[in-house]
6 protein chains.
Amino acid sequence: MPYDVVTFGEAMIRLSPPNFARLEQARSLDLRVGGAELNTAVGCARLGRKTAWVSRLTNNPLGRLIANHAREAGVCTEHVSWTRDDRVGLYFLEFGAAPRASSVLYDRKNAAIAQIKPGEIVWERVFAGSKWFHVTGITPGLSDSAAEATKESLVAAKKSGLKTSVDLNYRVKLWTPEQAGKCMREVMKSTDVLITTEEDIERVFGIKGNDYEEAARKTAAEFGLKTIAITLRENPLVWRNTWTAMLLHEGKVLRTKTYELEIVDRLGAGDSFAAGFIHGMLDGDVQRALDFGVAASALKHTLPGDFNWITREEVEAMLQGGGLRISR
Amino acid sequence: MPYDVVTFGEAMIRLSPPNFARLEQARSLDLRVGGAELNTAVGCARLGRKTAWVSRLTNNPLGRLIANHAREAGVCTEHVSWTRDDRVGLYFLEFGAAPRASSVLYDRKNAAIAQIKPGEIVWERVFAGSKWFHVTGITPGLSDSAAEATKESLVAAKKSGLKTSVDLNYRVKLWTPEQAGKCMREVMKSTDVLITTEEDIERVFGIKGNDYEEAARKTAAEFGLKTIAITLRENPLVWRNTWTAMLLHEGKVLRTKTYELEIVDRLGAGDSFAAGFIHGMLDGDVQRALDFGVAASALKHTLPGDFNWITREEVEAMLQGGGLRISR
Amino acid sequence: MPYDVVTFGEAMIRLSPPNFARLEQARSLDLRVGGAELNTAVGCARLGRKTAWVSRLTNNPLGRLIANHAREAGVCTEHVSWTRDDRVGLYFLEFGAAPRASSVLYDRKNAAIAQIKPGEIVWERVFAGSKWFHVTGITPGLSDSAAEATKESLVAAKKSGLKTSVDLNYRVKLWTPEQAGKCMREVMKSTDVLITTEEDIERVFGIKGNDYEEAARKTAAEFGLKTIAITLRENPLVWRNTWTAMLLHEGKVLRTKTYELEIVDRLGAGDSFAAGFIHGMLDGDVQRALDFGVAASALKHTLPGDFNWITREEVEAMLQGGGLRISR
Amino acid sequence: MPYDVVTFGEAMIRLSPPNFARLEQARSLDLRVGGAELNTAVGCARLGRKTAWVSRLTNNPLGRLIANHAREAGVCTEHVSWTRDDRVGLYFLEFGAAPRASSVLYDRKNAAIAQIKPGEIVWERVFAGSKWFHVTGITPGLSDSAAEATKESLVAAKKSGLKTSVDLNYRVKLWTPEQAGKCMREVMKSTDVLITTEEDIERVFGIKGNDYEEAARKTAAEFGLKTIAITLRENPLVWRNTWTAMLLHEGKVLRTKTYELEIVDRLGAGDSFAAGFIHGMLDGDVQRALDFGVAASALKHTLPGDFNWITREEVEAMLQGGGLRISR
Amino acid sequence: MPYDVVTFGEAMIRLSPPNFARLEQARSLDLRVGGAELNTAVGCARLGRKTAWVSRLTNNPLGRLIANHAREAGVCTEHVSWTRDDRVGLYFLEFGAAPRASSVLYDRKNAAIAQIKPGEIVWERVFAGSKWFHVTGITPGLSDSAAEATKESLVAAKKSGLKTSVDLNYRVKLWTPEQAGKCMREVMKSTDVLITTEEDIERVFGIKGNDYEEAARKTAAEFGLKTIAITLRENPLVWRNTWTAMLLHEGKVLRTKTYELEIVDRLGAGDSFAAGFIHGMLDGDVQRALDFGVAASALKHTLPGDFNWITREEVEAMLQGGGLRISR
Amino acid sequence: MPYDVVTFGEAMIRLSPPNFARLEQARSLDLRVGGAELNTAVGCARLGRKTAWVSRLTNNPLGRLIANHAREAGVCTEHVSWTRDDRVGLYFLEFGAAPRASSVLYDRKNAAIAQIKPGEIVWERVFAGSKWFHVTGITPGLSDSAAEATKESLVAAKKSGLKTSVDLNYRVKLWTPEQAGKCMREVMKSTDVLITTEEDIERVFGIKGNDYEEAARKTAAEFGLKTIAITLRENPLVWRNTWTAMLLHEGKVLRTKTYELEIVDRLGAGDSFAAGFIHGMLDGDVQRALDFGVAASALKHTLPGDFNWITREEVEAMLQGGGLRISR
């Protein structure tokens, strides 16, 4: 079945102590599923797009649980590669409060996706008739073969005529800036849209500007990118942030509303920006893509879990200025 | 038994996902009981007033549960009309966080109260020796026969010598402004005290002023009302509001303290204002009624559920300026 | 996409107090999704069959939640008919313990499925290339138009070349035995396989035998049915039952193992028998169908919720005699 | 208001670790309210009797919580004596499983009820027009002044024309058999109906028989009692017991059905027998009183908490032979 | 074993309703352990100090639970004096939200620690080779004999060559300012470091200054104290405070960073300041002691429970300016 | 500090869905700590023995949590070897019900303990003055170096004069019977007491008898063992088992009581037998060791988690015949 959006990457079981407890205090853990590219796939599916997520999963209860959650949120898992080997990655999340930042303890080593091999996914079959492919800098950071598979996927996407977007998403616990930079520079060759932050541009590509706009311009120039989206967060506190994004598109800078956020769970916020943005781009309206991306991801901060359980109608209502009164 | 306060209306089972989850994410729902007039009855009972709540309920576990909760909070349920027919209304509540407003999904159609018929409650027996009767604009909005029963109850209350208060409480999901306006204008004829917001005055009666004070004055004039209370909320965020009220009494405007609120659950806040206000009015002190109403309802925002589980002593301590230190 | 199995019927939100509490004691309710035909669809999907569930749902968070749960369990919801009207049915479940039986309080009136109209589902598109269609006596009991839609679906299924199975599933709270009997006799005309209990045969068709075998033979004779499966439960206690089934197939009686059950949740057990049985029939092995149906549904009793979250491997292991030791 | 049943005694906050955990393992405790005479009052109220519970409570959140729970279950708390002194008694309950018995850790010393003084309750006002008074051997065991108050209450009850019942309920943690025996012998002078076990007769009164029937006869003879009810439990396991009772009435022995129980929570079972028995006695039918008492208390074992959240209809249905099938 | 830090005092079972509910609303209570001196002991142990907590506990599940929690957090309980008598103290905590302050209901009367007698602890054995002894003004406030034991402990500590610190910690529910003043003045004779607030200096010693600095200077002068630490909280709201401290050391005033806090649970914050401060003092760096105390206790506000489940590394990272970004 | 008992092995974080849910259904997981040798250490500590557990743990929140839980239960963790590398092992546990067995999903690969090297633990320091050393067949099964470290520990224990016990504990998911057999035969050379099951004797050593007694005799003969304990379980159901053990000691067979069990959680039951048995052996009474081991482990089945949170007094009371009545 042709998809509006295909994404490719890891998803993990996310375990977090309830009520701001630390892991050492926990006697139970809330279980959710998360992973950058799956989060984006969910975001697209919730906005009404036919979406598939491609990954490699161990066929045990934990692996199946991940696929179940993807489907529950409307994402097709038909192209997941199942194995009896390896393990399912986990991450442990502690919610913070000022002055204690939230923190993440990864236990993702030797997960099935890290063993994915180029050629394992028949990309032309996945991509046939589809429109958009999205991946982040996490997937190639998982292992050398995952990096190869990522590049393969992007090349195949371009070949099949899909638009491609890449979220830099640098993870210091996976690789060094040098390793990331080398790989992502190659990835840029098959990238149409870059989604990132000012900080990641500097860490991964070593590109600095006087401000994020200049950094974006330099990056666009260096890689010949037509479109770069940069998300902008101010976090003086843990439970209160502001959130917006800017877009550099064909040399022009676009801006949108800045949201004041009361934060329930900020994991997956960037990924839901990508989803909203892709949704808008599929409609061919760049400003609306930016608006939609920021509005959708602003809402994401108010929901528990990595997935953005909103509806298109809700985002649209917010873009038209819905307030904070209870509707009744 | 003669009551200080009698209220009349619907109460529903309230079901809400814990921890800011959306309904689609829920695997369990917190169960509470709520309904505007029952909430006000509870507020009065907690302040030490003998209080009865009149309604119609299906005699099944859910209907009994509603009556149980009312009694738990000190409200007499002796005059509830029980039936084996119909169903118990429900409402599903999602708690929001900026920029996502909290939202309510009603499933109250065909509830027992909507089938109440004029004559079903023997009001002279309920009212004998009692002092105050309170109802809101929700009850007549439930059905034509409920509207008739509401008017009947107010006429009977006046006949039995009770003071009457009405909270406009316009609900767009129940009826149109036109329908509400027509019915509530008639209701005003038996109303001594009107409790409302500037917005509802405009929506229901189509009365606008340059500010809420003028709107109140025009309303008082139009319906010959001696006393109108208007609650005032500012909600730049979902978890932080300010809250106060003004009172137009015999042509004079009274004001009281504005509270800075950290919000746990704002459902039932307006109803607990009514309770505190009625409590003060029963003591014959208008300014204190206003002070008490706002203080009691400010506290309500900090408690889970629609009911205001405070004590008179706590409200009085707050009126005397209690701070935010832990008492120990 | 062609399906191995298609089912058609209602699914409801199921709300139950945890830990054997009664509804009147509940302060939270566990939320699950259940409905006979959806349960069977889930059972088939979990055994590896491509399965679709057809229904009519209100497009609100509760309706979407039902579809989400179906997809989570591997069932296709593409053919669900969505509406903005009506409501989502609920049922409240109290778990019992001897001598108190478990009990169910339905609140399913005016649910969207009851308003389904013949012609609303384009059955030929659903059935194209598919193999098996399953429905129960609940669907036609929901309303006259649902009964018409049920008959329509069965006729269409036969026309499209599918095998059809019907579980009698008489519900006293939906209709009288006479109403059910009249309708289900007509339904039998398009039925290949009847799944039921001795008691329902008597209640719905008024057919009695000296034992369940004779009752089955009489029923087969009366409706010209080649295959009748009868599930057999003994419940001297609530938490301990025995469970098996017999099959009358082309005049021969087949039997299988009787399981001793420690019961966690028996809702959906009969439906998961149907699933296991259909799974086996699709492989063309009648004895194995019976074995599989009983083994799968024996396992169902040990899982919370209406859905049978087992795997085909687990059922097969049990058929080969797996014990009660912890595997490690 | 005249009551069908009045009871008098202590109620405590009951705190128990969920899921069979031990106290040392607990990170949360389930909170309920229990106390022998309150449990019986609740049992009577649930069966439709107008019931009041008399006690002495500290006016703090814990004391109010106890009264709230009593009212929630339909019991009048108007005659409770409130104090600002003393404390609210607690008991910690660990649920067992064979071969570990359930266990109770009392923390009830210096509770308000222990400080109750004769004359504190105006019994003639409580009893005016009422029918039945019930107390247990726990109340006089709490303190000397509580013992005096108990005797006073019974004398007043007889004077006001009420029937009186006493449940021996010997508690080894409160007093010695000698102390209990001396006091309860005096209590017997104002007792119409004695409810107890064979074991307590021996421990408190030192009366032994060859069997419980003979023990009952000897006790009846010694104290001139017309009616003695003896509950009979067999507990080879913790989660499975059998339960019945016998009645010695005017020299005749009456028996009733023996129930096979799957036990959720056996606290309050004896108290709910008393409630069912009193309910039947109020109707003047001794055999039905015995039947009702045993049936109601058999159901109690299947519910969490000390209170018997059943309805009269449910008990009556069980007496007519309701089975263990789910009604739907 | 010689300890870096020894503390002496009561610890109680702390019971609090979850999710901002009031006690009257609670159906379960979260259980934790807290007590000023134990909290400080835990704070020291978590920072890597060998720490013992001395107390008197009833040997029942609740008393053992307290010792278990101390050991879980790394505190030695070898010198606890166990008894079969008395009871375990409890405190009930309601979490507030503006304008409702959090509140505490103590039920600590007759706890084992109040019966401690001078001579019961062999202090020379506890202190042999140890470095620092800490106690608060709560311990002597529990009873006369506890006051004697406290003075005995301080004298013994000085005799064994330990540094001593005392947190004034005035508790109005335990004793009057006069009683506290009289006792604490005597305690000051064996005190090296005083930790307190401006308010407590005034309440206990009647010493006032134009500001807290002057109050500290006067106190230092009056008791000949070399070191006084004063914690400073601003709480315009319940969930948002600022927090810092000042130190008067050898006549010089030291200051440190002021933290903006999002508060999860402020119980034990002062105690964790003492811990961080002692930790720094043991390293002989006064400024760092102040920095460490404030940083550690700022973090404490973000954790549920009285114990400060942080690590030394985390405090050090914060002192070096860690931000609020999620590390990944 | 000299210990009564030292054990050596892995402990893992145990994660299990509540209420018999399957992993695929879980939205939260209960967190506990378990591991055969730690479980035995806890069992000994709870019976009053000074006990240390030796292991290797990653110094992150999960590793610290394991050590915290050990200390909470009274076990010394001073000799744990901490590392910044590797990971903390996990295991996922699904509770079953007949006919579904409970099941365990291990995720223990690359845990810190598997990287332990001979020489890493200074055994002579751990063992100095201690009495008993216990290890199971799991530790050597974790890796080759863990096997070497295990043998080293046993040799060192014998050299330091400790008694040694080994529980065969064959784990099919760790190694083949051949691998286990080869290693454990060597282990037997330093073993004084063998604790095992008939099945494991056959799987690991290939020794079969006509019954378990004969198998024990043959094993004793083959390895020159003076003492072999064999636990005996019958599990016709998951929630109901019988449990006992036999002892072959110096050629004589000893037996003890068989317990009827209502099972809450059987994990760690064998380990708590070892603990009770060692406790008795330390007192030098072989029959009492057997009695104590079986009684203690019978109680273990009734508690959640791997740890045996009982007291010595409770086991002794049970040995003297305590019944299933609630003590009050």
Side-chain angles (χ1 to χ4, degrees), chain B residues 16-21 30-33 42 45-46 69 72-74 95 237 239-244 257-266 269 272 294-311 313-315 317-328, chain E residues 12 14 16-28 34-36 91-108 136-138 141 169-175 197 199-200 203 233-241 262-263 265-270 301 306:
Chain B
S16 56
N19 300 123
F20 297 96
D30 291 331
L31 181 154
R32 296 185 183 275
V33 165
V42 166
R46 293 289 302 180
H69 282 229
E72 181 192 1
F95 287 99
L237 293 165
W239 304 343
R240 283 281 295 282
N241 285 189
T242 63
W243 175 254
T244 188
K257 188 174 169 186
T258 298
Y259 290 90
E260 187 83 27
L261 308 176
E262 291 173 318
I263 298 182
V264 171
D265 185 340
R266 54 168 277 193
S272 64
V294 172
S297 52
L299 287 168
K300 165 61 207 67
H301 290 82
T302 71
L303 304 176
D306 285 39
F307 290 1
N308 196 8
W309 285 97
I310 45 128
T311 64
E313 288 76 7
E314 288 171 327
V315 182
M318 207 170 73
L319 288 177
Q320 282 155 30
L324 294 180
R325 303 178 60 94
I326 302 175
S327 157
R328 49 186 183 182
Chain E
M12 291 165 281
R14 159 185 146 169
S16 55
N19 300 122
F20 297 96
R22 308 217 69 181
L23 279 166
E24 289 190 59
Q25 297 179 289
R27 289 303 181 276
S28 77
Y91 80 94
F92 295 86
L93 168 65
E94 282 181 342
F95 287 99
R100 179 171 62 89
S102 296
S103 73
V104 166
L105 172 66
Y106 288 109
D107 183 15
R108 73 204 301 183
T136 83
I138 296 170
N169 246 347
Y170 175 66
R171 290 288 184 265
V172 70
K173 294 178 181 175
L174 288 179
W175 51 0
T197 60
E199 186 195 18
D200 274 3
R203 288 198 293 183
R233 178 190 301 279
E234 281 177 29
N235 57 345
L237 293 166
V238 174
W239 304 344
R240 282 282 295 281
N241 286 189
E262 290 172 317
I263 298 183
D265 185 340
R266 53 168 278 192
L267 278 285
H301 290 81
D306 285 38

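Computed from a predicted model, the values in this text were never measured in an experiment. We use all heavy atoms of the structure for the numbers below, so side chains are in, but hydrogens, waters and symmetry mates are not. Note on naming: letters A, B, ... go to the chains in the order of the sequence lines (proteins, then strands), and numbering restarts at 1 for each one.
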Counting heavy-atom pairs under 4.5 Å with chain B, which one of E:Arg171, E:Glu94, E:Lys173 comes out on top?
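Looking at each of E:Arg171, E:Glu94, E:Lys173 in turn, E:Arg171 comes out on top.
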Between E:Leu267, E:Asn235, E:Val104, E:Leu237, which residue shows the highest count of heavy-atom pairs closer than 4.5 Å to chain B?
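The residue among E:Leu267, E:Asn235, E:Val104, E:Leu237 with the greatest pair count is E:Leu237.
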Residues that E:Asp107 engages under salt bridge (charged side-chain N to carboxylate O under 4.0 Å, His left out), provided they are two or more places apart:
D:Arg87, E:Arg87
Are any of the side-chain nitrogens in E:Arg27 or B:Glu72 under 4.0 Å away from the carboxylate oxygens of its partner?
yes
Using a strict threshold of under 4.0 Å (side-chain N to carboxylate O), is an ion pair present between E:Glu199 and B:Arg325?
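Salt bridge present between B:Arg325 and E:Glu199.
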Might you point out which heavy atoms bring B:Gly323 and E:Ala101 nearest each other, and give the distance in Å?
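Where B:Gly323 meets E:Ala101 most closely, the heavy atoms are O-CB, 3.6 Å.
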So for E:Arg233, is it side chain, backbone, both, or neither that comes closer than 4.5 Å to the heavy atoms of chain B?
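Neither part; nothing is under 4.5 Å.
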Please state whether the side chain, the backbone, both or neither of E:Tyr91 comes within less than 4.5 Å of a heavy atom of chain B.
neither
[X] side chain vs [Y] backbone, donor-acceptor pair below 3.5 Å:
| X | Y | answer |
| --- | --- | --- |
| B:Glu260 | E:Ala98 | no |
| E:Arg100 | B:Thr302 | yes |
| E:Gln25 | B:Pro304 | yes |

Pairing residues for B:Glu314 by the side-chain contact (heavy atoms from CB on, under 4.5 Å) criterion, not counting sequence neighbours
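Scan of B:Glu314 (side-chain contact (heavy atoms from CB on, under 4.5 Å), adjacent residues dropped) gives B:Ile310, B:Thr311, E:Arg22.
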B:Trp239, B:Trp243, B:Trp309: which one forms the most heavy-atom pairs within less than 4.5 Å of chain E?
B:Trp309
Any side-chain heavy atom of E:Asn241 sitting closer than 4.5 Å to one from B:Leu324?
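No, side chains not in contact.
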Given side chains that start at C-beta, do those of B:Leu261 and E:Pro99 come closer than 4.5 Å, heavy atoms only?
yes
Rounded to the nearest 0.5 Å, how far does CG of B:Leu303 lie from CG of E:Asn19?
12.5 Å
